[in-house]
Structure formats: structure tokens, C-alpha cells
Participant: 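Before we start, here is the structure in question, set down as C-alpha cells.
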Amino acid sequence: MNILAELRQRFDSALSSMVEETSPLLDMIRPATDSKFGDYQANCAMPLKKQLGKNPREIAQDIIDKLDVADMCETPEIAGPGFINLKLKDDWITQQLVASVGDDRLGVPKVATPKTYVVDYSSPNVAKPMHVGHIRSTVIGDTLSRVLRFLGHNVISDNHLGDWGTQFGMIIYGYKHFREDAAYQQNPVAELSRIYRFVRKIMDVLETQAALPKRKLALADQADEIENRKSKEPTGDKAADKKAAKDLRKLEGQHNNAKGAIAELENKLADLQADSDLMALVKEHAKINTAVLQETVKLHEGDEENLKLWHEFLPKCRDEIQRVYDRLDITFDVEYGESFYHDRLANVVSDFEKQGLAKQSEGATCVFLDGFKAPMIIRKQDGAFLYATTDLATIQYRMETWKPDAMLYVVDHRQGEHFDKLFAAAKLWGCADVEMKHISFGTVMGPDGKPYKTRSGDTVGLEGLLDEAVSRALTIVSDNDDKKETPDFSDAKRNTISELVGIGGLKYGDLSQNRETDYIFSYEKMLALNGNTATYMQYAYARVQSIFRRGSIDIEQLRENASGLQLNHPAERTLAVAILRFAEALDDVTFDYRPNLLTNYLFEELAKSYSTFFANCPVLKAEDDVTKESRALLCDLTARVIQQGLQLLGISTVEKM
RNA sequence: GCGCCCAUAGCUCAGCUGGAUAGAGCAACGGACUUCUAAUCCGUAGGUCGGAGGUUCGAAUCCUCCUGGGCGUACCA
């Protein structure tokens with residue numbers, strides 16, 4: 001049962017005789033802002049003042065008179081300017097709880113009209129090691145898929161792999177020039193990874209060497225410009241002078257940043273140049289940039305050798321990232337990478353041209369869209385296709401194959417404009433009846449508030465991140481276990497627990513963040529024993545199991561005759577309502593695709609209520625057996641909701657920790 | 001230049017489909033273990049929700065302007 005949905009339905013009946021359009025008013029029925037107002041409140045009487053020309057309190061009374069909630073609520077009360085406060089009846093709550101006890105879905109109803117969703121997430125480049133930037137797309141997309149599916153929707157999760165781009169040109173080039181056969185025979189994945197990094201390194205050196213003089217020149221120009229502006233006399237026009245001063249400050253800021261960036265580049269280059277073997281190879285492969293592009297072009301044109309190498313490399317590269325997915329417990333229904341759409345691209349472009357949606361401009365094929373200054377380019381001057389082309393082909397394929405109601409793209413916010421254009425173009429192209437949404441998210445920052453990098457300035461690898469989280473979890477688990485008189489866990493067990501706690505902490509840390517905002521990455525915060533963390537939730541779960549173990553409670557059996565639930569202590573009632581609100585929390589998640597609304601619920605509502613309950617309502621030492629069994633069932637329901645909630649976040653529970 | 005986003009407690013962040021006194025964790029201070037895991041809990045203190053207007057019965061939330069930051073901006077993804 002979704003209580004809020006049920007109340008809205010009841011209000012709908014009451015309101016429909018008073019107004020034409022009830023739906024905006026129904027949105028104003030919400031959980032109470034304060035428990036002293038009851039459990040829910042309806043705020044819809046106030047805004048009807050004008051429309052009905054009556055005092056809101058009178059309107060509230062009219063609504064209550066028509067409202068049929070006697071079975072579930074106490075008599076509604078009118079408060080303040082016209083709030084309608086609703087308090088659930090205790091016996092109704094227990095009735096719902098009993099139903100939840102016997103329900104695998106814990107009382108969460110399936111949607112009446114399932115939709116088909118395509119959820120596009122993770123989408124790493126298979127040729128490169130996954131890095132910290134992939135964590136958000138992966139876990140947010142996975143959670144959204146799980147939640148939508150749990151609610152009864154038809155979900156197709158799709159990993160739109162980057163498997164056809166320049167990166168493969170790099171590997172092919174590297175394989176041809178730098179591979180060590182013995183290493184490749186022994187461990188092809190590691191060798192390919194080394195090759196990729198090595199080619200990247202050479203290209204870095206060359207690019208940096210080429211870029212530095214230009215950037216220094218630009219820096220000098222900037223310095224001149226600053227001097228020039230400083231020497232200018234004030235014009236006397238206050239506004240103009242203020243703006244000039246502001247612009248100057250900004251320019252100086254940029255200048256300092258550029259200075260820092262150049263110094264960083266110089267350091268990096270100096271380090272690389274110290275390696276004479278490397279520099280010899282750099283010299284030998286001075287044209288590597290164009291050579292790599294040529295390998296890519298050859299691949300796309302169907303060159304036999306390159307295609308054969310690509311077929312050889314692809315599964316190996318894919319295995320490399322599978323390790324990460326396995327640890328993260330991430331799966332996909334389909335995995336159609338860029339290469340999958342390769343032979344559709346030419347048709348997409350010609351179709352746009354035929355329909356008059358695209359035209360030539362400066363040698364490129366462009367789609368000009370209302371409200372955008374720059375066009376969306378679907379074919380370059382040199383004839384090559386771009387990711388906009390692939391994305392359009394992907395939409396076409398998905399529409400043909402699954403006819404989805406919605407397509408969700410879990411991609412970082414910097415690509416917002418790309419998706420705005422893509423969706424606009426797709427609409428023109430005929431995809432009007434599908435909800436296309438960019439599930440945008442912010443950047444993972446380092447402690448300095450800048451995008452998370454290692455000390456040397458490299459991106460942070462995802463596997464290393466996982467290792468570190470798990471190893472820190474191991475320290476916590478071990479320290480705690482060692483404190484006991486007789487430690488509970490073997491080393492193997494400690495490792496198993498730390499893996500679940502560490503990875504869970506990492507995922508929860510990301511998912512508990514409002515997806516739109518950047519956040520500062522911190523192992524300490526992520527694995528904190530207190531606060532809104534996976535560890536805290538896992539601990540709450542484990543404590544419940546501990547009670548059952550300690551009291552030798554057969555919870556299965558208790559579930560079967562769960563009639564005697566009672567709510568005598570306020571903490572019991574609060575916990576009971578929190579348990580019943582699980583369905584609402586899941587609905588909230590799907591409203592604007594925000595996983596953090598689930599973590600908020602689990603922590604703020606459920607776990608907090610449980611803590612209070614735990615402190616005030618002993619189970620094993622309850623005054624009588626009825627109370628004991630009732631409380632045990634509340635504990636059990638709490639644990640089951642935590643477990644189900646965490647499962648939807650892709651996080652496991654542990655029986656002991 | 002244009003476009004998008006952000007600014008909430010000392011720190012990290014919730015709250016933003018408008019609702020009654022703005023929340024959490026950390027840090028600080030004071031309490032609670034012969035007690036179901038103290039890996040915990042309870043309490044105290046901490047705020048002109050960047051600033052100024054506006055809409056509304058009601059604004060952290062919506063609109064306008066200002067300040068300070070980030071990101072994106074014709075052939076990378």
C-alpha cells in the first residue's frame with residue numbers, strides 16, 4: 001500500500017465535486033512537516049480561496065465533510081490558515097503492517113500501467129581503464145533501473161560502450177609497434193592496457209611539446225593585455241569603470257590559472273623527458289597522432305587486418321572492465337556499443353537530408369535547431385560521422401526495437417547541450433511520443449574542490465578506488481573485531497565483509513548525493529560509522545539479526561502468525577509508519593530520477609526511527625510475550641526494508657559485522 | 001559574447017513538483033555501556049538559506065536584477 005497514493009485517491013473523490021481540475025490539489029497532500037501535525041497534511045484548501053470565494057478554513061471543512069477516510073484516519077483536523085491534518089489510525093497501521101509481513105514486496109504495489117524504459121548508463125570506453133568519472137553514471141543508472149523494474153516497469157538497461165573510436169586506433173597502432181609478444185601471450189588484457197597507456201603517453205609528450213609554446217605565447221599576450229588595461233585611465237563613467245575593473249579581475253584570475261596550468265605541464269613534461277628511452281621512441285613516432293587516426297579510419301573502412309585485430313581485442317578489453325562490474329554487481333540487459341550502429345550512420349545522415357532537416361554548411365552536414373546558435377553536426381567535412389550521428393542511430397534502433405515510453409541517459413552535466421540538441425533533432429525526426437531525458441549529474445571532486453585527480457595529475461582509476469575503499473573497510477572491521485574478547489571472524493570472513501562494506505560505502509556515498517551537484521570525494525565520510533552511509537544501514541540490519549540470534553527467535557515462524565502486532569510505545573508507532581512509507585520513497589525516486597531520495601528515506605526516516613525504537617523498546621526483555629513478538633516483527637520488517645532498499649541501490653547486507 | 005548550473009551551520013551536504021519554528025553527519029561541549037553489537041544513542045550550542053526587489057494567504061524553493069564561482073559553446077566523446 002502506498003499511503004500517500006491512497007489518500008490522494010480519497011481526496012480526489014472529495015474534491016472532484018468542488019473543482020474541475022483536482023490533480024494539482026492532490027499534489028498538495030504530503031507527509032506532515034512535523035509529527036505534531038499528524039502523519040499527513042493536505043494543503044489544498046488555502047489556494048482555493050480565490051476560486052471558491054470562501055474562507056480557507058471553511059473550504060477545509062467542506063473537503064473534510066466530503067472526505068471518506070474514516071477507516072484509515074482519525075477525524076481530520078483543521079489547523080492554522082486551513083491545513084488539514086491527518087493522523088493514521090493505529091489499528092489501520094497494524095493492519096497494513098500485517099499485510100507487509102506476509103508480502104515479498106513489503107507492501108510496495110506494482111504500477112497499474114507499466115512503461116518501457118531504456119536506461120543508458122555507464123558507457124565507458126572499452127579501450128581505456130575505467131576511472132572515477134564512471135562511478136556516478138554506473139551506480140545511478142543501475143539504481144534507477146532496479147527501482148523502475150521493482151515498481152513493475154519494463155526496463156532495458158543498455159551499456160552504450162565506446163568500442164569504435166580513436167582509442168582502438170591507438171591500441172591497434174600500439175599493438176603493431178610496441179607489443180611484447182611474451183607478455184601478450186601470457187596476459188593479453190594487461191598487455192593491451194599497457195599498450196594503450198604507452199601510446200597515450202607518447203601522444204601526451206608530443207601534444208604537450210606542441211602546445212606549450214602556444215600557451216606560453218598566449219600567456220604573454222594575456223599579460224600584455226592586463227598591463228594595457230591597468231594603464232588605462234578611468235573613463236569617469238561609473239558603470240563602465242566598474243565593469244572594466246571586474247573584467248580585469250577576471251582576466252587576472254584566468255592568467256593565474258593559466259600560469260599554474262603551464263607550470264604543471266612543464267613539470268609533467270620534464271618528468272617524461274627525463275626518460276631517454278621514451279624520448280627516443282617519441283622521436284621515432286613523431287607522427288603518431290595522424291597515424292593513429294589513420295588506423296581508426298582503416299578500421300571503419302573495413303580494413304581486413306585492423307578489423308581482425310579489433311575482433312581480437314574487443315572481448316579482451318571488455319573482460320578488463322567486467323572485473324569492475326563484477327565487483328560492483330552491475331549488469332546490463334544489452335550492450336550495444338558504438339560499433340553496433342556503424343552501418344546505420346550513412347542512412348541516418350541521408351534520411352535527415354532527404355527530409356530537409358539537415359543541410360551542408362562549411363563542408364559539414366548540419367542540423368540547425370531553433371534556440372541553438374551552433375548546429376548539430378552529423379557528418380564532418382572529411383566525411384566522418386560523430387557521436388551525434390551514432391546517438392541518432394541509437395534512438396532510431398531503440399524506437400524500432402523496443403518502442404520505449406522513455407529513454408534515460410545517465411551522463412554527466414557537461415553534455416547537457418548535446419542532449420538538448422539530440423532530443424530536439426530526434427523530435428523533428430519523428431520521435432515525438434517518447435520521453436527523452438538527460439539524467440545529468442555533477443563531478444566528483446578531490447579534497448581541493450577540483451575534479452578528482454591523483455597527486456601527479458592523472459585521473460583516478462576506478463579499480464584503485466575500489467581497492468582503497470575495501471582496504472579501509474578491512475581496517476575498520478578488523479579493529480572492531482580485535483577489540484572483542486574473542487574475535488568473531490576469520491581472515492576470510494573479514495575480507496568478505498570488507499568487500500561488501502567498502503563497495504557498499506562507495507556506492508551509497510555517491511547515491512546519497514543529490515545527483516545534480518558536484519561532491520567532494522572522501523573515504524572517511526563514505527565509510528563513516530555514523531550518518532547517512534551504507535555502513536550505518538548495514539549495521540542497523542546486522543543488529544536486528546543479532547537480536548534474533550541472541551534470543552533464538554525463529555522469525556520465519558513468527559511471520560506466519562503475525563496477527564498480534566501492537567503499537568504501545570510512540571517509538572513503535574513512528575517506526576511502523578516509517579516502514580509503511582517505503583513505497584512512497586520509491587515513487588519519489590522515479591518522479592525526477594533521484595536515487596538520493598531513497599537513501600534519505602532509509603536514513604532519515606527508517607534508520608533514525610529504528611534507533612529510537614532500539615533504545616526505548618527492548619525486544620528480548622520485553623514485559624510480555626505479545627510485546628516481544630510484536631517488536632520482533634517490527635525489527636524484522638525494518639531489516640527487510642533496509643535489505644530491499646539497499647538491494648535496489650545495488651548494495652548487500654551482512655548478517656554480522 | 002551567448003547558454004546552462006551552483007551559492008543553505010565552522011566543514012561536508014540534505015531540503016528546491018511553494019506550506020506551519022530551515023535539517024543531518026562531522027567538528028565542539030555535556031551525558032548514557034554488569035543492558036538486543038557503544039560500529040550506538042540522548043542532549044547543548046551553532047543560520048540575515050550570497051545580496052536586493054517582486055509574485056503569493058505563505059518563498060531556501062518561483063520570477064527579475066546584482067555579486068561571486070563552475071561548466072559548455074561548429075566538425076572529441
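Every chain is numbered from 1, with letters handed out A, B, ... down the list of sequences.
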Participant: Between B/G46 and B/C26, how many Å separate the two C1' atoms, rounded to a whole number?
Facilitator: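 Their C1' atoms lie roughly 13 Å apart.
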Participant: Pairing of RNA chain B as dot-bracket, 5' to 3': ( ) intra-strand, [ ] crossing, | other strand, . unpaired, with Watson-Crick or G-U pairs under 3.5 Å?
Facilitator: (((((((..((((.....[...)))).(((((.......))))).....(((((..]....))))))))))))....
Participant: Do nucleotides 13-20 of chain B as a string where each nucleotide becomes B, S or -: B if the base has a protein heavy atom under 4.0 Å, S if just the sugar-phosphate does, - if no protein is that close.
Facilitator: SSS-B-BB
Participant: When you compare B/U55 with B/G72, how far apart are their P atoms, in angstrom units rounded to a whole number?
Facilitator: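 Taking atom P in both B/U55 and B/G72, they lie 38 Å apart.
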Participant: Determine all donor-acceptor pairs shorter than 3.5 Å in which one atom belongs to a side chain in residues 531-538 of chain A; sequence neighbours excluded.
Facilitator:
{"from": "A/Asn532", "atom 1": "OD1", "to": "A/Tyr508", "atom 2": "OH", "distance (Å)": "2.6"}
{"from": "A/Thr533", "atom 1": "OG1", "to": "A/Ala528", "atom 2": "O", "distance (Å)": "2.9"}
{"from": "A/Thr533", "atom 1": "OG1", "to": "A/Tyr536", "atom 2": "N", "distance (Å)": "3.2"}
{"from": "A/Tyr536", "atom 1": "OH", "to": "A/Ser611", "atom 2": "OG", "distance (Å)": "2.9"}
{"from": "A/Gln538", "atom 1": "NE2", "to": "A/Leu500", "atom 2": "O", "distance (Å)": "3.4"}
{"from": "A/Gln538", "atom 1": "NE2", "to": "A/Ser652", "atom 2": "O", "distance (Å)": "2.9"}

Participant: Using a strict cut-off of less than 4.0 Å between a Lys/Arg side-chain nitrogen and an Asp/Glu carboxylate oxygen, indicate whether A/Asp510 and A/Arg515 qualify as a salt bridge.
Facilitator: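 Here A/Asp510 does not pair with A/Arg515 in a salt bridge, since their nearest N and O are not under 4.0 Å apart.
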Participant: What's the gap between B/A7 and B/C49 when it is taken at their C1' atoms, as a whole Å value?
Facilitator: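 Pairwise C1' distance, B/A7 against B/C49, rounds to 10 Å.
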Participant: In whole angstroms, how far is the P atom of B/C76 from the CZ atom of A/Arg414?
Facilitator: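 Roughly 17 Å, once rounded to whole Å.
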Participant: Between A/Thr627 and A/Asp624, is a side chain to side chain donor-acceptor pair (under 3.5 Å) present by the stated rule, with each step listed?
Facilitator: CA-CA 6 Å; A/Thr627 308; A/Asp624 53 69; 2.7 Å; yes
Participant: Indicate, with yes or no, if the rings of A/Phe441 and A/Tyr121 have centres closer together than 6.0 Å.
Facilitator: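 Not under 6.0 Å, so no.
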Participant: When the distance from CZ of A/Phe372 to C1' of B/G72 is rounded to whole Å, what number comes out?
Facilitator: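 Taking CZ of A/Phe372 and C1' of B/G72, I get 12 Å after rounding.
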Participant: B/A38, OP1 or OP2 - any side-chain N/O from A/Arg543 closer than 4.0 Å?
Facilitator: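 Checking A/Arg543 against B/A38: at least one side-chain N or O falls below 4.0 Å of OP1 or OP2.
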Participant: Check A/Arg200 with A/Asp204, please: is the shortest side-chain N to carboxylate O separation under 4.0 Å?
Facilitator: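 Here A/Asp204 pairs with A/Arg200 in a salt bridge, since their nearest N and O are under 4.0 Å apart.
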Participant: By the 4.0 Å heavy-atom rule, please label A/Ala542 as base, sugar-phosphate, or nothing.
Facilitator: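 Base contact - A/Ala542 has a heavy atom under 4.0 Å of at least one base atom.
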Participant: Mind checking the C1' distance from B/G50 to B/G68? Whole angstroms is fine.
Facilitator: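 One C1' to the other, the span is 8 Å.
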Participant: Can you check the distance between B/U40 and B/A20, where both ends of the measurement are the P atom (answer in whole Å)?
Facilitator: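 Taking atom P in both B/U40 and B/A20, they lie 31 Å apart.
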Participant: Considering only NZ, NE, NH1 and NH2 on the basic side and carboxylate oxygens on the acidic side, decide whether A/Asp39 and A/Lys87 come within less than 4.0 Å.
Facilitator: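 Judged by the 4.0 Å cut-off on N to carboxylate O distance, A/Asp39 and A/Lys87 do not form a salt bridge.
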Participant: Separation of A/Tyr387 atom OH from B/A74 atom P, in whole Å?
Facilitator: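 Interatomic distance, OH of A/Tyr387 to P of B/A74: 11 Å.
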Participant: Students often get this wrong, so: under 4.0 angstrom with heavy atoms, is A/Cys366 touching a base, only sugar-phosphate, or nothing?
Facilitator: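 Answer is base: heavy atoms of A/Cys366 come under 4.0 Å of a base.
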Participant: Do the two ring centres, one from A/Phe385 and one from A/Tyr387, sit under 6.0 Å apart?
Facilitator: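 A/Phe385 vs A/Tyr387: aromatic centres not under 6.0 Å.
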Participant: Taking the side chain of A/His413 as its heavy atoms from C-beta onward, which of B/C41, B/C71, B/C76 lies nearest to it?
Facilitator: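 Among the listed nucleotides, the one closest to the side chain of A/His413 is B/C71.
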Participant: Between A/His569 and A/Phe613 (judged by ring centroids, cut-off 6.0 Å), do the two rings come close enough to count as a pair?
Facilitator: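 Ring centres of A/Phe613 and A/His569 not closer than 6.0 Å.
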Participant: Since syn is defined as within 90° of 0, does B/C33 count as syn or as anti?
Facilitator: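 You should classify B/C33 as syn.
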Participant: Under 4.0 Å, heavy atoms only, any strand: does A/Lys628 hit a base, just the sugar-phosphate, or nothing?
Facilitator: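 Contact class for A/Lys628: none.
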Participant: Can you name the nearest heavy-atom pair linking A/Ile135 to A/Val132, along with the distance?
Facilitator: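 Heavy atoms only, the tightest pair is CG2-O, 3.0 Å.
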Participant: Is A/Lys437 salt-bridged to A/Asp592, going by a charged N under 4.0 Å from an acidic O?
Facilitator: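 A salt bridge links A/Lys437 with A/Asp592.
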Participant: P atom, B/C66 versus B/C4: distance in rounded Å?
Facilitator: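 Taking atom P in both B/C66 and B/C4, they lie 14 Å apart.
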Participant: B/G70 and B/A32: how far apart are their P atoms, nearest whole angstrom?
Facilitator: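 It comes out at 49 Å once rounded to the nearest Å.
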Participant: Contact class for A/Phe548 vs. all strands (heavy atom < 4.0 Å): base, sugar-phosphate, or nothing?
Facilitator: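 Result for A/Phe548 = nothing.
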Participant: If you compare every side-chain N and O of A/Asn530 against the phosphate oxygens of B/C41 (OP1, OP2), does one of them come in below 4.0 Å?
Facilitator: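 Yes, because at least one side-chain N or O of A/Asn530 sits under 4.0 Å from OP1 or OP2 of B/C41.
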Participant: In whole Å, what is the span from the CG atom of A/Asp163 to the C1' atom of B/A77?
Facilitator: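 One finds 13 Å between C1' of B/A77 and CG of A/Asp163, rounded.
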Participant: Give a yes or no on whether a donor-acceptor pair under 3.5 Å exists between the nucleobase atoms of B/A77, that is its base, and the side chain of A/Thr390.
Facilitator: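 Answer no: no donor N or O sits under 3.5 Å from an acceptor.
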Participant: B/G23 C1' sits how many Å from A/Lys608 NZ, rounded?
Facilitator: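 Result: 8 Å.
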Participant: I want to confirm an ordering. Mapping A/Gly162 and A/Phe489 to their closest nucleotides on RNA chain B, which one lands closer to the 5' end?
Facilitator: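 By nearest-heavy-atom nucleotide position, the 5'-most residue is A/Phe489.
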Participant: Mapping A/Asp420 and A/Phe614 to their closest nucleotides on RNA chain B, which lands nearer the 5' end?
Facilitator: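 That would be A/Asp420.
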Participant: Given atom CG of A/Asp370 and atom P of B/C2, what is their separation to the nearest angstrom?
Facilitator: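 The distance from CG of A/Asp370 to P of B/C2 comes to 20 Å, rounded to the nearest Å.
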Participant: Between B/G1, B/C57, B/C36, which one does the side chain of A/Lys50 approach most closely?
Facilitator: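 Per side-chain heavy atoms of A/Lys50, the pick is B/C57.
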Participant: If you count every heavy atom of other residues, nucleotides or ligands that lies below 6.0 Å from A/Lys493 atom NZ, does the total exceed 12?
Facilitator: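 No, because the 6.0 Å sphere around NZ of A/Lys493 holds 12 heavy atoms or fewer from other groups.
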Participant: If you compare every side-chain N and O of A/Tyr601 against the phosphate oxygens of B/A24 (OP1, OP2), does one of them come in below 4.0 Å?
Facilitator: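 Checking A/Tyr601 against B/A24: no side-chain N or O falls below 4.0 Å of OP1 or OP2.
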Participant: Provide the distance between the two P atoms, one in B/C2 and one in B/A74, to the nearest whole Å.
Facilitator: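 Approximately 16 Å lies between the P atom of B/C2 and that of B/A74.
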Participant: Report the distance from atom NZ of A/Lys54 to atom P of B/C57, rounded to the nearest whole Å.
Facilitator: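 Distance, rounded to whole Å: 19 Å.
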Participant: Please give, in whole Å, the distance from B/G25 P to A/Tyr523 OH?
Facilitator: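 It works out to 25 Å between those atoms.
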Participant: Would you say the rings of A/His413 and A/Phe419 are close, in the sense that their centroids are separated by under 6.0 Å?
Facilitator: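 Between A/His413 and A/Phe419, which both carry aromatic rings, the centre distance is not below 6.0 Å.
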